[in-house]
Amino acid sequence: MKKWIIRIIVLLLILVTAAALYAVYQMRSRGFWRSPSYETEPPTLPALKSPAVLVFSKTQQFIHKEAIPAAEALIQNLGEKHGWSVYITENGAIHNDADLAQFDVLFWNNVTGDVLNQEQQAAFKRYLENGGGWVGVHGSGDTSGTWQWFNEKIIGANFIGHPMNPQYQTATVHTENPSEVITQHLAGQWQHNDEWYSYDKSPRLTGATVLATIDETTYSPMFFKENISMGEDHPVIWKRCINQGRALYSSLGHTAEAYATPAYKTILEQSLHWAMTSDQCSNSH
């Protein structure tokens, strides 16, 4: 009898251990519990013609496995449509003065965590302040990383979470300024299904120009039992000048389906046009 009890206990321990190892594997495959790593050798760039778009998709935390390839495909299609050169990489070392100078705009595709070392961060900052363009989507607004300049000057608010009850919801989005070229194709209000990010404050308070807000009465802003609502002013797309440069962030884009939505495809298309060509920041300080 004792032998059977011991065997059952051993079997249970094996099953529990296997389940724990599987859970760890699943979490690591999604990007969690990884030590930061930084590339030091940049990739060799092909010949690029202007305008050129760098699509950067490195992750150090959560990996948006479905959204990243969907966004990459969309930018490639836009490149073919408009004659842009599109270069895709996860190599953070491409953030150096010589390589960044080859690009009219940087598209950060669901980038998460601390992906650049201090030298690469400095090159990014110089690029943007001296007139470069940046567009970031969804995960790229996760401010849990330690790069304070990016968190404060680019995003301008701290990410606090997204709903889990349920995680994906269709909600009403309001267009802030109907005459804004990036969103002028949209109705005054429109429906979109996504994972809705909340921040500790409106980026409007840190000088951002808000392009779209979400109506919190049309979805449940609950992280399990915690209410993470932002109230009446809950921006989801905003832009700002960084000295002479241009930065635009959209919190939309967790799912692959988002990048097949006509409204969102046009938002990103117009955002890239604005970031690579607008001169409205040329006299900003």
Side-chain angles (χ1 to χ4, degrees), residues 49-57 59 63-89 103-112 133-142 155 162 167-197 208-215 218-219 234-240 246-278:
K49 61 180 180 180
S50 185
V53 182
L54 170 63
V55 179
F56 182 59
S57 307
T59 59
I63 304 171
H64 292 79
K65 290 187 174 183
E66 294 78 25
I68 288 174
E72 288 177 351
L74 172 59
I75 305 306
Q76 286 178 316
N77 289 337
L78 291 176
E80 294 174 1
K81 175 181 177 180
H82 295 290
W84 303 339
S85 294
V86 175
Y87 183 76
I88 300 173
T89 186
F103 295 97
D104 298 271
V105 61
L106 315 181
F107 180 80
W108 276 28
N109 180 12
N110 282 288
V111 173
T112 57
W134 179 88
V135 174
V137 292
H138 195 62
S140 302
D142 179 355
I155 305 303
H162 57 72
Q167 184 174 358
Y168 310 114
Q169 301 178 54
T170 298
T172 299
V173 181
H174 294 280
T175 304
E176 186 88 355
N177 181 358
S179 64
E180 166 62 55
V181 65
I182 294 169
T183 52
Q184 66 182 1
H185 64 288
L186 300 168
Q189 63 182 39
W190 40 286
Q191 301 297 304
H192 183 77
N193 182 273
D194 220 310
E195 176 192 75
W196 300 104
Y197 278 7
T209 298
V210 174
L211 305 182
T213 58
I214 187 173
D215 183 349
T218 61
Y219 81 108
H234 185 155
V236 291
I237 306 172
W238 58 92
K239 66 178 183 177
R240 65 174 80 235
R246 301 157 300 281
L248 182 144
Y249 171 68
S250 168
S251 64
L252 282 60
H254 180 92
T255 65
E257 290 75 16
Y259 301 94
T261 303
Y264 196 45
K265 289 166 65 175
T266 304
I267 288 172
L268 295 182
E269 181 176 16
Q270 294 299 102
S271 295
L272 289 167
H273 275 300
W274 172 81
M276 68 172 63
T277 61
S278 176

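Note that the numbering runs from 1 along the sequence shown for the chain. Computed from a prediction, not measured in an experiment: that's the story for all the values here.
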Can you tell me how far apart NZ (Lys65) and OG1 (Thr59) are? Round to the nearest 0.5 Å. 9.5 Å
Short side-chain to backbone donor-acceptor contact, Thr213 and His234, under 3.5 Å: no
So which atom in Ala171 and which in Tyr219 form the shortest heavy-atom distance, rounded to 0.1 Å? CB-CB, 3.9 Å
What pairs with Lys81 under salt bridge (charged side-chain N to carboxylate O under 4.0 Å, His left out), at least two apart in sequence or on another chain? Glu269
CH2 (Trp84) and NZ (Lys49) are apart, to the nearest 0.5 Å, by 12.5 Å
Looking at Ser250 and Leu252, would you say the former's side chain and the latter's main chain have a donor-acceptor pair under 3.5 Å? yes
Kindly write out the residues that satisfy side chain to side chain donor-acceptor pair (under 3.5 Å) with Ser251, not counting sequence neighbours, or none if the list is empty. none
Could you list the residues that satisfy side-chain contact (heavy atoms from CB on, under 4.5 Å) with Thr170, not counting sequence neighbours? Gln191, Asn193
Does Val210 reach the side chain of Ile237, with side-chain heavy atoms less than 4.5 Å apart? no
Table please: side-chain donor-acceptor pairs of residues 253-262 below 3.5 Å, with sequence neighbours left out.
from   : atom 1 : to     : atom 2 : distance (Å)
His254 : ND1    : His64  : NE2    : 3.3
His254 : ND1    : His138 : NE2    : 3.2
His254 : ND1    : Glu195 : OE1    : 3.0
His254 : NE2    : Tyr168 : OH     : 3.0
Thr255 : OG1    : Ala258 : N      : 3.3
Tyr259 : OH     : Asn110 : ND2    : 3.3
Tyr259 : OH     : Gly253 : O      : 2.8
Thr261 : OG1    : Glu257 : O      : 3.1
Thr261 : OG1    : Ala258 : O      : 3.4

Rounded to the nearest 0.5 Å, how far apart are OG1 of Thr218 and NE2 of His174? 7.0 Å
Using modelled atom types only, decide if a donor and an acceptor are shared between the side chain of Thr175 and the backbone of Ala212 within a distance under 3.5 Å. no
Separation of Phe107 CZ from Leu272 CG (nearest 0.5 Å): 6.5 Å
Step by step, work out the side chain to side chain contact (heavy atoms under 4.5 Å, CB included) result for His273 and His82. CA-CA 10 Å; His273 275 300; His82 295 290; 3.4 Å; yes
Starting from the C-alpha separation in whole Å, work towards a yes-or-no answer on side chain to side chain contact (heavy atoms under 4.5 Å, CB included) for Asp215 and Val173. CA-CA 6 Å; Asp215 183 349; Val173 181; over 6 Å; no
Could you check whether any side-chain N or O of Thr89 sits under 3.5 Å from a backbone N or O of Phe56, counting only pairs where one atom can act as donor and the other as acceptor? no
Would you check if Ile267 and Leu186 make a side-chain contact, meaning some heavy-atom pair closer than 4.5 Å? yes
Minimal heavy-atom distance between Ser271 and Ile182, with the atoms involved, is OG-CG2, 3.5 Å
Using distance only, find each side-chain donor-acceptor pair of residues 72-80 under 3.5 Å and give its atom names and separation, not counting sequence neighbours.
from  : atom 1 : to    : atom 2 : distance (Å)
Glu72 : OE2    : Ser57 : OG     : 3.3
Asn77 : ND2    : Ala73 : O      : 3.3

When you measure from the side chain of Trp196 to the backbone N and O of Gln169, does any donor-acceptor pair fall under 3.5 Å? yes
Evaluate Trp274 against Leu248 for side chain to side chain contact (heavy atoms under 4.5 Å, CB included), listing each step before the verdict. CA-CA 9 Å; Trp274 172 81; Leu248 182 144; 3.8 Å; yes
Minimum heavy-atom separation for Thr112 and Gly139, please, with both atom names. CG2-O, 3.8 Å
Testing the basics here: between Ala67 and Asn109, what is the closest heavy-atom pair and its distance to 0.1 Å? O-OD1, 4.4 Å
Under the 3.5 angstrom rule, does the side chain of Asp104 hit a backbone N or O of Ala52 as a donor-acceptor pair? yes
Nearest atoms (heavy-atom pairs only) where Tyr249 meets Ser140: CE1-C, 4.0 Å
Residues two or more places apart in sequence or in another chain: which of them pass side-chain contact (heavy atoms from CB on, under 4.5 Å) with Thr209? Leu211, Lys239
Heavy-atom closest pair (Val137 atom, Tyr264 atom, distance to 0.1 Å) is CG1-OH, 3.6 Å
